[in-house]
Each structure stands twice: as structure tokens, then as C-alpha cells.
2 protein chains.
Amino acid sequence: MASSIHDLARHLNISIGTVSRALNGRADVNADTRQRVLDAAKKLNYSPNQSGRSLRQGATHSIAFMLQPHPGDQQYGEPFFIPFLIGLQGRLAESGLDLTVVMGAPGDYQQERLRRVVETRRADAVVLAWTRREDERIDYLTETGFPFATLGRSRTGGKAYPSLDLDFEKAGADAVDRLVARGHRRIAAIRPSLDLNFGHLFLAGYRKALRRHGIEVDPALIADGFINEAGGYQVTPRVMLAKDRPTAIIYNNDAMALGGCKALAEMGIKPGQDMAVTVIVDTPLCRYFSPALTAFRPALEPMGRRLAEMLLASLPAFAGPEGPRIIREVWPLELIARDSD
Amino acid sequence: MASSIHDLARHLNISIGTVSRALNGRADVNADTRQRVLDAAKKLNYSPNQSGRSLRQGATHSIAFMLQPHPGDQQYGEPFFIPFLIGLQGRLAESGLDLTVVMGAPGDYQQERLRRVVETRRADAVVLAWTRREDERIDYLTETGFPFATLGRSRTGGKAYPSLDLDFEKAGADAVDRLVARGHRRIAAIRPSLDLNFGHLFLAGYRKALRRHGIEVDPALIADGFINEAGGYQVTPRVMLAKDRPTAIIYNNDAMALGGCKALAEMGIKPGQDMAVTVIVDTPLCRYFSPALTAFRPALEPMGRRLAEMLLASLPAFAGPEGPRIIREVWPLELIARDSD
DNA sequence: CGTTTTTCCGTAAACGTTTACGAGAACACA
DNA sequence: TGTGTTCTCGTAAACGTTTACGGAAAAACG
């Protein structure tokens, strides 16, 4: 069916070794025979069997991205990644690497799936997202020495791996600054209840900024819930019960903000009018919601490209002459002012 | 580093053949030795090298989904797929198959990428989406005999492959019926200008329903544009120029509807008030837009599961005792009435 | 006890590549 | 002519599996 390197060799009356060398552009092959090999390859529609190559070289030439839907979050969490993935695959393709997204079922925190990818050597490296403060995936990968990079930081105990994250701390502080400048002093913060690292960072920035403005941090104004619409809907009433009601709410997440606005509406409170609402991570939904939600926007596609470069730099096979390097970066979020605050 | 079947064999003082047989559950191996092998495998943390297996068996045990961002459509088209992919991978996993999403750059219509997947035998089958009326990918796959299934139909000249599609024709007709019942007679239709098959189906249903109601089809009320927000924004004014203005617009696509609503707003026309707006394929954006858009919703996750089953039934290695079967199905879209019409 | 069957396992080939090694031919140089 | 160098290519091993085949040992049978 599909032609192998043997067919090619037989057809040209030449040894398979020479064919392989010609195809792979090695120096020790006559320019003339190389051309003949290339022509024949095109004619016979030959392309090398990936399993064969991988087996021999011990490399798959593909990078795995672990995509992990959150439970009940089928709609929101992942669109976020598409532009990122476009950037990632674009850069990887330039280095001859494929990007394969390995899907998991919602819920299981992909530890098992990750093991499979690593142990069966389906990829040369993996890219992780939704990093947690304590992330067993990172522990596992560093232990086994399998190459990886993360979108998002973690609380790493001195482990070194390429990572690119957004400056959620600064965004949290910026959000507070902006609200204070507009006269607010009772500012609530709502974030996901999971151990997701960006939730912690956001809250740290929020706290720091409040203190800087001489505003006491009121625990009654801080809450967390499921990272989806239902979570925002459930948890918003809680901060509204504070004896001194908030006049502004910062949501860490678009889905939670949407659920929160629904809860506010049911209390007769109009976002952008009776209540300032800010979202940390912008998505298309923020833009089209009514009122349009003020949000902080990441540059997802460039981030994808950049993380690919960082990962490549850490791989011996792709690193420059100076050898592998580990890079970590934190990128800013851009404020997009809209109508909700 | 990673343990191979040889390590296992050496450790147990047994031949690799026996180890392999034990691991693969073949009958001709003593129950006792099998247990010893399994224990050792767990202890040495052994798992088979995928490249080795694939090479020997001629099968990769993975299915590829070709994800193709549309140009300028980084935000809208793909979230659509996530629930579908969840269903797809869920069912495939039950049969021991991995789902890998191969990303393409926006723009190139993935013919080249598809070739690579097929020729380098990176997957045992592929799943296509965004089928066109004339689809060269389908031609290519049927010619080469590579197994595949499609989300969406095509104008197949007698070619047989598993496919699952939504009943866009009926949705188009239903949309018209509903608008007519609400007193509209000047109904516009806006769809993507690409050769995407669902655009044709939608329009056919639209036309048929109009005729059934004795309403003449006015070409001035039919337009197409880029399948993104800018496209909807650009093309909407065109139908508004008809001498007899429409009182309702059906959009084939959420992004185009959003752009269209923006155009309408700039003309001082309020969707849901001065103009009925209906969208064929529902997404979260439709729900959160203001006014919330009436739309037709697909059951994406079950569709994913179903298409996986259909694909499996067409693969000799997975088909039941009756042998491979080719199935095609068309699923209904459910009307979600909201505020825009 | 001899013969047949069954059970279990080792041997080795095969999948399609890449690559270290060596050898023959051509060439350069003295 | 003899020696050393450079080009080019063939040979064969290796990557980690699976599996057809055959054979030894054990069991069953008469």
C-alpha cells in the first residue's frame, strides 16, 4: 500500500542506506544520486513512516498539549486556549514539530493521561496549562526528567522548567487602583475555589493594592466558588451579605462574572450602574455581554509563540550553541475599559 | 531510562516473547508467570513503547481530529467544537483509542496537513469538520482508502463514509416558519460565503419554507460574507438596502449575527424590537448577548460520542461480527427561543 | 508403560527507519 | 609508482515491539 524506503531503494537499484542519507540531506551522497532519490520519492509519493523514525531516533517530533476541560465548564474555559494554541503550533511547525492536543474527560485532573503520554513516549515534550499552586503533574514531570513547559506558574520548590504566565497579581492591583480612583472603597473579590495558581496571585495583588490605599481588607468581601457560571451565581450573594455592602466586584474569571451578574440582576442590581464589575481575564463573552464587561486581556497568540520558543530553548536537540536554557516570563494583561464599571 | 520489555524479561529471567504474551493477555501463558510479569511490570513501571507497537502492528491506536481555525475567526468557530471533542474522545477512550487534535494555522485549508498525517501514518483514522460542498479532503481520503468520518455532509458522488450532520435545512425552514407565524413576510438570510455545506443546506431550507408560505424569494434579501464578525457587519447593510426592507434576519452563524447586530445598532435599529434576529447555530455568545439571541442548538457532546461510534463501526478492527458498516445520520437542532425575535 | 494431546515457553523474524563502520574507487601528491 | 586523502556507497546493527513456529515438558489416555 504505502511505499517504504525499501520500495524506493529497489526502484532505484540502490541501497536503503543511501536513500535514507539522500532524503535526510547528509553530506556523503553524490549530488546526482540525491536528485534521483528525491525525484523518485516524489514520484512514488513516499514519505517516511513516523513509527519507524520515532523508534529508531527515540523522538516523536511532536509536542503534546494537555487540554483539560473543567467539570461543568464545557463552554468557557477552553476557547481561551484556541489563540494560544494557534501561536504555539505556528512556532513549533517552524521547527518541524507537530502539536497534538490530547483531550481528557472533564473532571479527572489528567495525571493519569499525562502518565500515559510520557510512559508510552507519544511526545517529545508536553505543555501544561491551568497550573495549580501545588501541582502533582509538575512534580511528576520533574521527577521523571521529561521535558515540559507550562502556561502558568506554580509554587515550585526550586525546580527549573520553562514557564510563561500572566501577571495576575498586577492585574488584581490595577483593577483595585482603577476602582479606587473611581471612588470605590468597598471592593469584593471572587475567584475560583480550586488551587489554581492564578487565583492566588490575583488575590495577592488585590490585597496589596487595598492596603496601599489604606483600605482594610474585609474577609467578608472575599469569596470563592466553582470556576463556572453556576459558581459565580452561587457565591455572589455571599459577598452581598456583608454588613457594609460592596460597591464593586472583581471577578477572576469570565464565566463566574456572568453567573454573578445574573445573581445581581435577580437582586435588582444593575452591573455598571448600581455595581461596578471588573473581570480579570477577558474573553469574547465579556465584550458581548450587556453591559460590556471591563476586563484585562492577555495576548494569547504571541504567548503561544513565545512559550514554544522557550520550550525549544530547553530541549537539547533544538537549543542554540550555548546549550539548553530555562526561561520563565511573566506577561502583562491589558486593561480593556468597557461599560461595567 | 525508561524500561523496555527486555529489562522486564531479564529481571524475570524469562524470554521477551513470554513477557509480551503475558502482557497482552494471550492464552498460551501460565497463570502464575503472567502474574509475575504483571507484578514486575508494575514494579519496574513498565509501559510499552508506542513507536515500537505501532511499527510492529501497523496501527497507532489514535484518531486524529483536524482542527482548522478560520482566518479572522480565532474566537468563535472553535469553542463550538469543544463539547463535541469531549464526546468524541470519551467514546474513543472506551475503545482504547487516543484522540489527538492536530492544529493547523488559520487559513490554509489543511489539505497539506492532512496529507502528512495520512502519509506518515500518525493516526489510524481522521475526523474532519467544516465540510464543504466540494471537499478535496474527502476526495483525497476516499482515493487513498484511509479511514475517516466527517462532522457534516458533503456532495459526495456515491462515496461512502461515516458522517454525522445537523439538519440545517430543517432549521432554516423552522426559523422561517416561526418568523412567519409571528407576522413577518420580509425575511432576510445571511450565510458564510465559503463553500461550506451547511450554508447551502440552510439556504435551501429557507427557500423551501418561504415558498411553502407563498412568499416570493427575494434575492435582495439573501447575502453572504466572511464567516466572522466583520463579515456580518459588512454584509448586513446590503440586505437593508432592499427597496422593501426586511423585518427579520436569519444568520447562519453566531459571529456573523453579532457583527450584524452591531451594524444594525449603528443604523439605529434595535434587534428584538425593530428587527427580528434569529441564529442557526447557538453558542454561549448567543445567550449572553443583549438581547439574547434566539438560536438553534445542537447536541454537541452526544454528537461527538455518536460519531466516534460510527467511525469505530467502519473500522475492521473494531466493527462487530457483521463486519464494517457505514452509517450516516442527520441530527435535529433544537430551537432556543430568546429575546431577539 | 507407550502414545497422544495439551500446556507452556523460547527463538527468531518482522515492522521501517537511521547511522556507525568499512570498503572500493577516484583523485591528489610526491 | 606508491602513499594518503576524499567521495560515495553498501552492509548490518539497532530501536522496542508482536507473533508464527517449533519444541520440551507435562498431562492425559489407552
Side-chain angles (χ1 to χ4, degrees), chain A residues 1-38 40-41 44-62 96 116-124 317, chain B residues 1-38 40-41 44-62 96 116-124 317:
Chain A
M1 165 125 286
S3 59
S4 83
I5 205 174
H6 288 95
D7 303 327
L8 216 52
R10 206 173 318 127
H11 180 259
L12 289 168
N13 215 16
I14 233 179
S15 85
I16 62 165
T18 307
V19 175
S20 177
R21 279 190 300 265
L23 255 24
N24 292 358
R26 302 198 96 78
D28 56 348
V29 48
N30 185 291
D32 182 53
T33 48
R34 157 165 298 132
Q35 196 52 53
R36 283 177 40 225
V37 169
L38 292 176
L44 296 195
N45 196 18
Y46 168 80
S47 61
N49 180 302
Q50 192 53 229
S51 306
R53 305 193 76 203
S54 301
L55 179 56
R56 169 63 218 228
Q57 309 193 125
T60 64
H61 307 290
S62 76
R116 279 198 51 191
V117 171
V118 170
E119 290 176 358
T120 63
R121 271 132 282 172
R122 274 185 182 278
D124 297 341
Chain B
M1 168 124 288
S3 60
S4 83
I5 204 174
H6 288 95
D7 303 329
L8 217 50
R10 204 173 319 127
H11 180 259
L12 290 167
N13 215 16
I14 234 179
S15 86
I16 62 165
T18 305
V19 174
S20 177
R21 279 191 299 265
L23 255 23
N24 292 356
R26 302 196 96 78
D28 57 347
V29 48
N30 185 292
D32 181 54
T33 48
R34 155 164 302 130
Q35 196 51 54
R36 280 177 42 226
V37 170
L38 292 176
L44 295 196
N45 196 18
Y46 167 80
S47 60
N49 180 303
Q50 193 52 231
S51 305
R53 305 193 75 203
S54 303
L55 179 56
R56 169 64 217 228
Q57 310 194 125
T60 64
H61 307 291
S62 76
R116 278 197 53 194
V117 171
V118 170
E119 291 176 356
T120 62
R121 272 133 282 173
R122 273 184 182 279
D124 297 341

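Proteins get letters first, then strands, A, B, ... in listed order; numbering begins at 1 in each. Bear in mind that the values here come from a model prediction, so they are computed numbers and not experimental data.
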Touch check for B:G17, heavy atoms < 4.0 angstrom, all strands: base, sugar-phosphate only, or nothing? base

With rounding to the nearest 0.5 Å, note down the distance linking CZ in A:R122 to OG in B:S54. 6.5 Å

Under 4.0 angstrom, heavy atoms only, what part of the nucleic acid is A:I16 near: base, sugar-phosphate, or nothing? base

Quick one: CZ on B:R121 to CG on B:L55, what's the gap to the nearest 0.5 Å? 11.0 Å

When rounded to the nearest 0.5 angstrom, what distance separates OG in A:S47 from CZ in A:R53? 10.0 Å

Would you say that A:L12 contacts A:T18 through its side chain, given a criterion of any heavy-atom pair below 4.5 Å between the two side chains? no

Nearest-0.5 Å distance that lies between atom OG in B:S3 and atom NE2 in B:H11: 10.5 Å

Rounding to 10 degrees, work out the angle separating the end axes of the helix from C:dC1-D:dG30 to C:dA30-D:dT1 (five pairs an end). 50°

Reading DNA chain D from 5' to 3', where do the contacts with chain B start and stop? Cut-off is 4.0 Å to heavy atoms. D:dG16 to D:dA20

Looking at A:R36, I'd like to know if its CZ atom is crowded, meaning that more than 12 non-hydrogen atoms belonging to other residues, nucleotides or ligands lie closer than 6.0 Å. yes

Taking everything shown except A:H61 itself, do over 12 heavy atoms lie less than 6.0 Å from its NE2? yes

Atom pair CG (B:N30) and CD (B:Q35), whose distance is rounded to the nearest 0.5 Å: 11.0 Å

Looking at every strand, decide which applies to A:S4 at a 4.0 Å heavy-atom threshold: base, sugar-phosphate, or nothing. sugar-phosphate

When the nearest nucleotide of DNA chain C is assigned to A:R21 and to A:I5 on a heavy-atom basis, which residue is associated with the more 5' position? A:I5

Are the side chains of A:D7 and A:S4 in touch, meaning some heavy atoms are under 4.5 Å apart? yes

Which residue, B:R56 or A:L23, contacts DNA chain C at a nucleotide closer to its 5' end, judged by nearest heavy atom? B:R56

Pull out every protein N or O sitting under 3.5 Å from an N or O of nucleotides 5-8 of chain C, one pair per line with the distance.
{"residue": "C:dC8", "atom": "OP1", "partner": "B:N30", "partner atom": "ND2", "Å": "3.3"}

Kindly compute the distance separating CD1 (A:I5) from CZ (A:R10), expressed to the nearest 0.5 Å. 12.0 Å

Does some side-chain heavy atom of B:V37 sit less than 4.5 Å from a side-chain heavy atom of B:V29? no

